Amino acid sequence: MPGERIVDAYARRVAGTDRDDARVAAEAWDRWEAWHISFSSAWKPGPLIADERTRMTFTVLVTHYWSNGGFLTGEQSIMARIHELDGIPGHLIHGRRDVSGPAIIPWQLHQRWNSSTLRIIEDEAHGGPASMAAFEAAVEAIRAGL
């Protein structure tokens with residue numbers, strides 16, 4: 001549609017009734033996802049998500065999230081309400097090389113969320129083995145604290 005943002009077009013296409021077009025859009029989105037994580041030391045060429053159903057589900061979710069600005073603005077946004085999580089432990093894990101999500105966002109959340117920890121993974125982008133290890137350690141720390 002004229003004047004439509006690219007992310008909104010993808011969100012519309014993958015959620016639309018033309019399932020062939022939705023698959024084409026999801027495959028294109030997968031190529032983008034695979035490219036932008038290529039800045040990670042763990043990157044391997046090829047599709048990010050090989051399974052079609054998983055790829056479609058992921059694309060619907062991520063394009064909805066992005067087309068809504070990551071829910072980071074407005075009075076009901078994460079940023080406006082992050083103080084409500086004070087006292088609840090949280091772990092923010094982010095790859096320094098993530099070109100689609102700058103590290104400033106989790107840093108800003110961490111500054112406003114008193115009971116959070118922030119771990120920046122220097123040599124990864126949008127995930128990878130070090131991020132997964134940090135995630136597993138965070139889950140274990142939360143579990144141990146229960």
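Bear in mind that the values here come from a model prediction, so they are computed numbers and not experimental data.
Distance alone, capped at 3.5 Å, places no donor-acceptor pair between the Ser67 side chain and the Val7 backbone. Checked by atom type and distance alone, the side chain of Asp86 never pairs as donor or acceptor with a backbone atom of Trp113 at under 3.5 Å. Not one N or O on the side chain of Asp8 forms a donor-acceptor pair closer than 3.5 Å with the backbone of Glu4.
Atom-to-atom distance recorded for Asp98:CG and Glu124:CD is 10.5 Å, nearest 0.5 angstrom. Put simply, CG on Leu61 and CE on Met56 are 11.0 Å apart, with the number rounded to the nearest 0.5 Å. Taking OG of Ser116 as the reference point, atom CD1 of Ile88 lies at 12.0 Å (rounded to 0.5 Å). Taken from NE2 in His94 to CD in Glu122, the straight-line distance is 10.5 Å, to the nearest 0.5 Å.
Counting Ile, Leu, Val, Met, Phe, Trp and Tyr side chains that sit under 4.5 Å apart, directly or through other members, Val139 shares a hydrophobic cluster with Ile93, Ile121, Met132, Phe135.
Hydrophobic clustering, with ILVMFWY side chains joined whenever heavy atoms are under 4.5 angstrom apart, groups Leu92 together with Ile120.
Other residues, nucleotides and ligands place no more than 12 heavy atoms under 6.0 Å from the CZ atom of Arg53.
Ion pair Asp21/Arg13 flagged as a salt bridge, since at least one NZ, NE, NH1 or NH2 atom sits closer than 4.0 Å to an Asp/Glu carboxylate oxygen.
Partners of His91 by side chain to side chain contact (heavy atoms under 4.5 Å, CB included), not counting sequence neighbours, listed by chain and number: Thr117, Ala138, Ala141, Ile142. Scored by the side chain to side chain donor-acceptor pair (under 3.5 Å) test, Asp20 finds Arg23 as partners (sequence neighbours excluded). Partners of Glu84 under the salt bridge (charged side-chain N to carboxylate O under 4.0 Å, His left out) rule, at least two apart in sequence or in another chain, are Arg81. Scored by the side chain to side chain donor-acceptor pair (under 3.5 Å) test, Arg112 finds no partners at all (sequence neighbours excluded). Taking the side chain to side chain contact (heavy atoms under 4.5 Å, CB included) definition, one finds that Ile6 meets it with Tyr10, sequence neighbours left out.
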Thr59 and Asp30: CA distance, side-chain angles, deciding distance, side-chain contact (heavy atoms from CB on, under 4.5 Å) verdict: CA-CA 8 Å; Thr59 306; Asp30 184 76; 5.7 Å; no

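Two residues are said to be in side-chain contact when any heavy atoms from C-beta on lie closer than 4.5 Å; Val14 and Trp29 fail this criterion. Residues Leu118 and Gln111 fail the side-chain proximity criterion, which asks for heavy atoms closer than 4.5 Å. Taking 4.5 Å as the limit, some side-chain heavy atom of Arg97 sits within range of a side-chain heavy atom of Asp123.
Pro102 approaches Pro106 most closely through the heavy-atom pair O-CD, 3.4 Å. Taking every heavy atom of both residues into account, Arg5 and Trp66 meet most closely at NH2-O, 4.0 Å.
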